[in-house]
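The model shown is predicted, which means the values in this text are computed figures rather than measured ones.
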Amino acid sequence: MPETARRTADVPTHRYGNRPTMKDVAARAGVGLKTVSRVVNGESGVTQETERRVQEAIDALGFRRNDSARVLRKGRTASIGLVLEDLADPFYGPLSRAVEEVARAHGALLINGSSAEDPDREQELALALCARRVDGLVIIPAGDDHRYLEPEVRAGVATVFVDRPAGRIDADVVLSDNFGGARDGVAHLIAHGHRRIGFVGDMPRIHTAAERLRGYRTAMEDAGITVEGSWMSLGVTDPTRVRRATEEMLSGPDAVTAIFTGNNRVTVTAIRVIAERARPVALVGFDDIELADLLQPGLTVVAQDSAALGRTAAERLFRQLDGTLLAPERIELPTRLIARGSGELPPAN
């Protein structure tokens, strides 16, 4: 029999989805299961020649160690779950990467998914991750009632919320200073002569949207400015809704001269609307966006550090897992006003 044919015959034929086992490796190498186990797990008690034969069999079969049974025996799966709002939102890219880097430094795998701002989907995803025995969860909550996690927390699943607090349970949370950042952004517009300032934000039931609205109203109140109802619009960040709200604020004899936008998706639509108008309109957005410095004028923003949010949350998660944290804490990270030109435009009239 030709050598190539003989090699092919030595390799068990597996249908798609049937992975080679340690039994297959042992048969090919001509050793016992215990010997294969020792080689796979880096244990002593195997001669150099036997280890070489086992390793050749592993390579030929494409065998991979089954970590599931191994980690379950140890009580840990060396994996954590991350529940995001929207994987497509650029705000969550650096946050997810930061969580992954911390997990990797602790020898853990990150599994993530998106709730699509749906509380039911958030719960389904979080519990599905728990069913797969992740050691911990980092959650950007869509809902406002997280009592469904109480049995999981009691069972030892470490849990940290990020960007928004948990609802109806006591848990670690890492936030940006949404109130202070919005107040500073609106105060910046006031300092440049604006009195009629519009606010376009996300749905008011969302913690970040409510806090940014509160910051807007506080800055206006501190300046002695009475806010007209037509100057505020909160709702879904769908471009159609945001465009309509922005156009209405910029129309009529009492149109606003400046706009503060509540997040990056709202800001992008507002930029498009303003670009279509002959009259300059000052703009400050909450969240930085890509290419903001290349716009004319450059976009003034209240920037939050999404990577720091993710890193801080993940570090607290692993401190929970190693037993060094006791009582849950609320951590609030500062924001930063970046003036690039759009927020420094004076009122047009």
Side-chain angles (χ1 to χ4, degrees), residues 1-83 96-113 124-139 149 151-160 314-325:
M1 179 183 296
E3 182 65 22
T4 302
R6 190 160 50 245
R7 286 178 185 165
T8 303
D10 288 340
V11 180
T13 301
H14 296 282
R15 291 188 305 161
Y16 178 78
N18 293 334
R19 298 178 179 177
T21 65
M22 283 203 296
K23 184 177 180 180
D24 297 326
V25 174
R28 183 181 178 92
V31 300
L33 280 173
K34 182 61 177 176
T35 299
V36 176
S37 177
R38 285 174 175 162
V39 173
V40 168
N41 293 302
E43 299 173 2
S44 58
V46 182
T47 66
Q48 198 170 34
E49 172 59 23
T50 300
E51 183 178 355
R52 181 189 63 78
R53 292 208 326 270
V54 171
Q55 192 58 56
E56 285 181 351
I58 288 171
D59 292 342
L61 295 173
F63 170 79
R64 293 293 180 270
R65 181 177 67 186
N66 181 359
D67 279 339
S68 298
R70 178 172 174 266
V71 296
L72 287 174
R73 287 195 299 271
K74 293 186 173 184
R76 289 278 181 88
T77 60
S79 62
I80 64 170
L82 172 61
V83 179
S96 177
R97 178 65 180 271
V99 173
E100 184 176 26
E101 288 176 351
V102 174
R104 184 179 180 187
H106 286 82
L109 177 71
L110 177 68
I111 307 169
N112 62 28
E124 179 184 355
L125 179 56
L127 292 179
L129 289 167
C130 290
R132 284 158 179 76
R133 298 180 67 92
V134 294
D135 299 323
L137 291 170
V138 176
I139 299 177
L149 282 171
E152 309 300 334
V153 173
R154 285 196 298 269
V157 178
T159 306
V160 177
E315 287 170 350
R316 288 197 68 81
L317 188 80
F318 282 99
R319 287 181 63 191
Q320 286 185 27
L321 288 170
D322 65 23
T324 59
L325 286 182

Look at the side chain of Glu51 and the backbone N and O of Val39, then say whether any donor-acceptor pair between them is shorter than 3.5 Å.
no

Could you give me the CA-CA distance, side-chain angles and deciding distance for Val40 and Val25, then say whether side chain to side chain contact (heavy atoms under 4.5 Å, CB included) is met?
CA-CA 10 Å; Val40 168; Val25 174; over 6 Å; no

Might you work through the side chain to side chain contact (heavy atoms under 4.5 Å, CB included) test for Arg28 and Leu61, ending with a clear yes or no?
CA-CA 9 Å; Arg28 183 181 178 92; Leu61 295 173; 4.1 Å; yes

Non-hydrogen side-chain atoms of Val46 and Val54 separated by less than 4.5 Å
no

Measure across Phe318 and Ala108 and return the closest heavy-atom pair with its distance rounded to 0.1 Å.
CZ-CB, 3.9 Å

Which pair of heavy atoms, one from Glu152 and one from Leu127, lies closest together, and at what distance?
OE2-CD2, 3.9 Å

With side chain to side chain contact (heavy atoms under 4.5 Å, CB included) as the test, would you mind laying out the steps for Val36 and Lys23 before giving the verdict?
CA-CA 8 Å; Val36 176; Lys23 184 177 180 180; over 6 Å; no

Between Asp135 (side chain only) and Thr77 (backbone N and O only), is there a donor and an acceptor less than 3.5 Å apart?
yes

Can you give me the closest heavy-atom contact between Val160 and Gln320, atom names plus distance?
CG2-NE2, 3.4 Å

Using the side-chain contact (heavy atoms from CB on, under 4.5 Å) criterion, which residues pair with Glu49? Sequence neighbours excluded.
Thr47, Arg52, Arg53

Indicate the atoms forming the closest heavy-atom contact of Ala314 with Val99, along with that distance.
CB-CA, 4.0 Å

Shortest non-hydrogen separation from Val157 to Gly136 and the atoms involved:
CG1-CA, 3.9 Å

Salt-bridge criterion met for Glu101 and Arg97 (N-O under 4.0 Å)
yes

Quickly, which of Leu110, Asn112, Leu317 forms a side chain to side chain contact (heavy atoms under 4.5 Å, CB included) with Val138? Name it, please.
Leu317

Ser79 side chain vs Leu109 backbone, donor-acceptor pair below 3.5 Å
no

Donor-acceptor pair, distance only, cut-off 3.5 Å: does the side chain of Asp59 make one with the backbone of Glu56?
no

Rounded to the nearest 0.5 Å, how far apart are CG of Leu321 and CZ of Arg316?
12.5 Å

Here's a test for you: under side chain to side chain contact (heavy atoms under 4.5 Å, CB included), which of Leu125, Leu149, Leu82 qualifies with Leu137?
Leu149

Do the side chain of Asn41 and the main chain of Glu43 share a donor and acceptor less than 3.5 angstrom apart?
no

Does Arg38 CZ have over 12 foreign heavy atoms under 6.0 Å away?
yes

Point-to-point distance, once rounded to the nearest 0.5 Å, from NE2 of His106 to CD of Glu315:
8.0 Å

